Amino acid sequence: MSTQSYPQDAYKALIRGIQEVDLQHSSVPCNLVLTGDAFPVVINSQGHILMAASVYGRGRIVVLSHETYLTLCPALVDNALTWLGGGKSANLSLGVPKTMKEVVDNLNKSTYQVSLVEEFRADLGVGMYVTDAYQVGPKAKELIVFMKAGGGLLIGGQAWWWASQNENKNLILEFPGNKVTGVAGIYFTAQYGKLCVSVSIFLLHSCAMDFKKDLEFLLKGISDFDIKGDGVPSAALVHGPLAFPIGTTDKGEVFLAGTYYGQGRIIVVTHESFLQYEKLASFWKNALNWLDQGRKGVVGFEPHIKPLSNLGLTCKKTNFCTELSVFVCTAYTDMDAEMIQNFVVEGGGLLVGGHAWYWASTHIGQNPMQDFSGNKILSKMGLGLLTETAEIEDVYKAPDPSQVNKLHFRHLLHRFACHALEDIKLTEEEEENLKKLGSESASFLRIEAYNWVSYIQILSLLTDILKKVGIQQVGIIRLIFCFLLYFKSIQFKNKISLGISKYWKKIYTWSKILGITFLCIFSCMSLCCFSPILLWIDVLHKEELWRAPYVIKSFPITSERMQVWNLWGGLIYLLAPRDVKVENEKIVVQEAITAPYYKSGECVLSDWSSLRKAPAPWAEMEFENIILTVPSHIIRDLENALEVEKLWNAIMKGVADLAVIPQKFIRKERIVADVQISAGWMHSGYPIMMNSSIGAELFNPQDARTKGLWGEIHELGHNQQRRPWEFPPHTTEATCNLWSVYVHEEVLGLDRTKAHPSITAASRKSSVEEYVKGGKKLSDWTVWTALETYLQLQEKFGWDAFKKVFAAYHDMTNHPNDKEGKMNLYAETFSRAVNRNLTGFFKAWGWPIQKATEEELSNLPLWTDHPMA
């Protein structure tokens, strides 16, 4: 980890000259819990934090987990005061309560200007103050102001005794010490701290806090969560030590969660529409009261969020201001994250609604855990919005408050660590819950917050497990380690190979540290070094893995010379925004491996025999309108590169012809063949993905013209589908096949009946008969049955009719968004393209043709002898 990103200097100053700490004493400390920027100084072998430090505003704070340590550990205290005083070793002004005179007796009196006082006062004029955790309650606000302005605070205490005497009180917010230390991310807990001590061990332990009372308050009168509706929520990541799930699906996906941060509270719901569900009004009333903490203050709603009625508090639409008691906003807000965090730290309540999946789909190449506005606010608070969606299929029961933490990320990881490191057997329920741990670990690691103790703890724990069990283990261990290795890939500088047994095929990885020099700098550009393709985001979320789930590594170009790396190797791309032209610029790459590469118009055929032997494991062939990327072994013996080029240039010309788009694509299509893909045997998108076991068929022109390439052209057809003339879910897997039929017949010379068994005469007749027999229900009009409608049109009016229709849609500026409106527009557009009234034909297929459409086309001759007549 970087010394810049972790408070190494502060830690070194606090343990200067100390090798071990002897706390073998009758005093029983408590475990400290840390959030945000707080960091541990002394941790025992159980993972309990007995001393911690942090910053707040311009000031600093050090916390000891028992007040006796202020006298028992003079060396620690002396180091702490020196650090709190900004590193000065003399003339430090120090305030100490008279009841704690023993602390002063252990100090080097020549170093400090000590003021013994009855209690803390704002006008003391000292730079540091020492106190215990019990007498600070009435002075909490003044001490916070003191620290925020640059003061140093040393506090000792434990909370287990107070908790035993105040069972009905909120430990996090009402324990006197926490009223001060909480703003800096340090909390006293009721958990005993064991006394076997070493100075620098990081171990993850289960949550030290109990949120049963919080959940009982939030769920009072709530038996279930009815979140059925149009909203597609994200899943939430609950990772902070003070965070807890509130609502989950039957599969353990969290859609509602809460947390503490400083003196405030936060609730996040994973779709903004849920904030306005009347059926959730009872819960939102509880939630806002929990966030308000009994102040009866004003709840501010972002102007575009309509407050529900009867929430029990004063609610108004407003922009954010610190005078509010609670602020309600979406995860897409453009407000400064630090400003909102500071509001919560000092006691404010925050309710956030939103998802991250759409943002991720429209911000390719960015890191949603770091760059998405919602996560900029929430990650530091211990919550996150994932790009994975939660599958909402039912009304979900409100959870048992005593059981909900079983789905907390830290609890799952703790149980996994016990299993991996201590061979503790998991229950069936735990094994089921652990299935989601891999993807959650991947998302958590992408936060890359090397200055947060919670992040360092988890990263260190995963590293320890990796060292013990190795990557050969299957199941969840393998999944987590893929991501762990990815984020620690800078450590691997040489070529390595990983042989992975059972489910995972043998993988060879080229992890190089590459030196790249840019002789012309474009600050808006970025460098991608990953395996194997530009903008490849085919992330795997599968229990059985044949490759690493996430292999992308990108680097913004920030200097003339850079070093880049990727554990998984792969091809290197330079990405430029659309408005940036890169011509004749020179880039020097050092320590890279040459890949087999063919490009139309640039590759001399006589050189191809040597180019195809280049050693890199991924190869690329780039033609006029498409780029094919495959494992290199597939093209090592390919001699007829020119014939392959002619094949794909012709196919892409055919795709453009039917779509009525320019022959030169604005962006070349891409097909990537890989050992495992995210969905199906092939899937569309950018790039189109296919299984590498059939990758060789991309380079066999003879087979293409005799056996066809239905799947590949089917996916290219998907990429040409357009919303105005698509009617999901009916035509999703149907109209893309228009390109398959067209290209096979018009380009490859292969009759449609030979191109696919589902469009033989017998198959087509059968699908029509079954559809008619079933009552011609539109719900049954899908895939091959839906395609038959278009094939009947084509056989009557030819391919030119479709080209006219597609061309007409290119010129349209307004079109309906509802399915019925779109289907009527299509019927009208096709009718006008062929100068025939086709309403009878479409009605015979069960289309919802409106009377207005029939009247609009009444001047055209009817098609009465159609196949469905």
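For this chain, numbers begin at 1 and follow the sequence in order. The shown structure was predicted, so the numbers you read here are calculated from the model rather than taken from an experiment.
One N or O on the side chain of Asn342 and one on the backbone of Glu338 form a donor-acceptor pair closer than 3.5 Å. Under a 3.5 Å cut-off, the side chain of Ser93 and the backbone N or O of Val126 do not form any donor-acceptor pair. Side-chain N or O atoms of His419 include none that pairs as donor or acceptor with a backbone N or O of Lys425 at under 3.5 Å. Between the side chain of Tyr455 and the backbone N or O of Leu445, at least one donor-acceptor pair lies under 3.5 Å. A donor-acceptor pair is defined here as one N or O able to donate and one able to accept, closer than 3.5 Å; no such pair exists between the side chain of Asn178 and the backbone of Leu173. Thr249 places a side-chain N or O within 3.5 Å of a backbone atom of Glu253 that can act as its donor or acceptor partner. Between the side chain of Thr259 and the backbone N or O of Ile266 there is no donor-acceptor pair closer than 3.5 Å. Judged by distance alone, the side chain of His48 and the main-chain N or O of Pro29 form no donor-acceptor pair under 3.5 Å. Within the 3.5 Å criterion, the main-chain N or O of Gly384 finds no donor-acceptor partner in the side chain of Asn375. The closest donor-acceptor contact from the side chain of Gln341 to the backbone of Ile377 lies under 3.5 Å.
The shortest distance between side-chain heavy atoms of Leu385 and Leu237 does not fall below 4.5 Å. The closest side-chain heavy-atom distance from Leu81 to Met128 is below 4.5 Å. Between Glu119 and Pro97, every side-chain heavy-atom pair lies at or beyond the 4.5 Å cut-off. In this structure, Val96 and Val114 have side chains that are in contact, with non-hydrogen atoms separated by less than 4.5 Å. For the pair Pro241 and Thr35, the minimum side-chain heavy-atom distance is below 4.5 Å. Side-chain contact between Leu351 and Trp290 is absent, with no heavy atoms from C-beta onward closer than 4.5 Å. Contact of the Val77 side chain with the Asn106 side chain is not registered, since no non-hydrogen atoms from C-beta on lie closer than 4.5 Å. Inter-residue side-chain proximity for Thr270 and Leu256 is flagged as unmet; no heavy-atom pair is nearer than 4.5 Å.
Scanning all heavy atoms of the two residues, the minimum distance from Val55 to Ala184 falls at O-CB, 4.0 Å. Minimum interatomic distance between Val28 and Trp160 (heavy atoms only, all atoms of both residues): O-NE1, 2.8 Å. The minimum heavy-atom distance between Gly382 and Ala243, with the atom names listed, is O-CB, 3.6 Å. Shown here for Ile246 and Ala257, the closest heavy-atom pair between the two residues is CD1-C, 3.6 Å. Closest approach of Asp214 to Asn170, counting heavy atoms only: OD1-ND2, 3.9 Å. Residues Thr248 and Val254 come closest through the heavy atom pair CG2-CG2, 3.8 Å.
The CZ atom of Arg16 sits 14.5 Å away from the OH atom of Tyr11 when rounded to the nearest 0.5 Å. In this structure, Thr189 OG1 and Leu32 CG are separated by 7.0 Å, a value rounded to the nearest 0.5 Å. Here NZ of Lys376 is found 11.5 Å from CD1 of Ile340. Values are rounded to the nearest 0.5 Å. Here Leu153 contributes atom CG and Thr181 contributes atom OG1; the two are 9.0 Å apart, rounded to the nearest 0.5 Å. Rounding to the nearest 0.5 Å places CZ of Phe409 at 9.0 Å from OG of Ser443. To the nearest 0.5 Å, atoms CH2 (Trp452) and CG (Asp37) are separated by 8.0 Å.
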- Show your working on salt bridge (charged side-chain N to carboxylate O under 4.0 Å, His left out) between Asp123 and Arg121 and close with a plain yes or no. CA-CA 5 Å; Asp123 60 353; Arg121 301 193 315 274; 3.0 Å; yes
- Lys139 and Glu142: CA distance, side-chain angles, deciding distance, salt bridge (charged side-chain N to carboxylate O under 4.0 Å, His left out) verdict: CA-CA 5 Å; Lys139 295 292 181 178; Glu142 293 176 64; 3.4 Å; yes
- Message: Could you walk me through whether Lys296 and Asp292 satisfy the salt bridge (charged side-chain N to carboxylate O under 4.0 Å, His left out) test, starting with their C-alpha distance in whole Å, then the side-chain angles of each, then the deciding distance to 0.1 Å, before giving a yes or no?
- Response: CA-CA 7 Å; Lys296 302 295 182 183; Asp292 175 66; 6.0 Å; no
- Please lay out, stage by stage, how Phe120 and Thr131 fare under the test side-chain contact (heavy atoms from CB on, under 4.5 Å). CA-CA 9 Å; Phe120 178 80; Thr131 185; over 6 Å; no
- Tyr56/Val180 under side-chain contact (heavy atoms from CB on, under 4.5 Å): CA gap, chis, key distance, verdict: CA-CA 11 Å; Tyr56 180 69; Val180 178; over 6 Å; no
- From CA spacing to verdict: side-chain contact (heavy atoms from CB on, under 4.5 Å), Ile43, Met51: CA-CA 7 Å; Ile43 307 178; Met51 178 179 176; over 6 Å; no
- Task: Quick one: do Ile18 and Leu76 satisfy side-chain contact (heavy atoms from CB on, under 4.5 Å)? Show the steps, please.
- Result: CA-CA 8 Å; Ile18 301 172; Leu76 274 180; 3.6 Å; yes
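For Phe327 and Phe343, the gap between ring centers reaches or exceeds 6.0 Å. Note: Phe175 and Tyr187 fail the aromatic proximity criterion, with ring centroids not under 6.0 Å apart. The aromatic ring centroids of Trp162 and Tyr134 lie 6.0 Å or more from each other. The distance between the ring centers of Phe146 and Tyr129 does not fall below 6.0 angstrom.
Note on ring orientation: taking the six-membered ring where Trp is involved, the planes of Phe444 and His239 are perpendicular (angle over 60°, cut-offs 30° and 60°). Tyr260 and Phe244 have tilted rings, their planes meeting at an angle from 30° to 60° on a 0 to 90° scale.
The neighbour count for Glu102 CD, taken as heavy atoms of other residues, nucleotides or ligands under 6.0 Å away, does not exceed 12. Annotation: Gln370, atom CD; neighbour count of heavy atoms from other residues, nucleotides and ligands within 6.0 Å is above 12. The environment of CD in Glu428 is sparse: at most 12 heavy-atom neighbours from other residues, nucleotides or ligands sit within 6.0 Å.
For the pair Lys148 and Glu346, the salt-bridge criterion is met [side-chain N within less than 4.0 Å of a carboxylate O].
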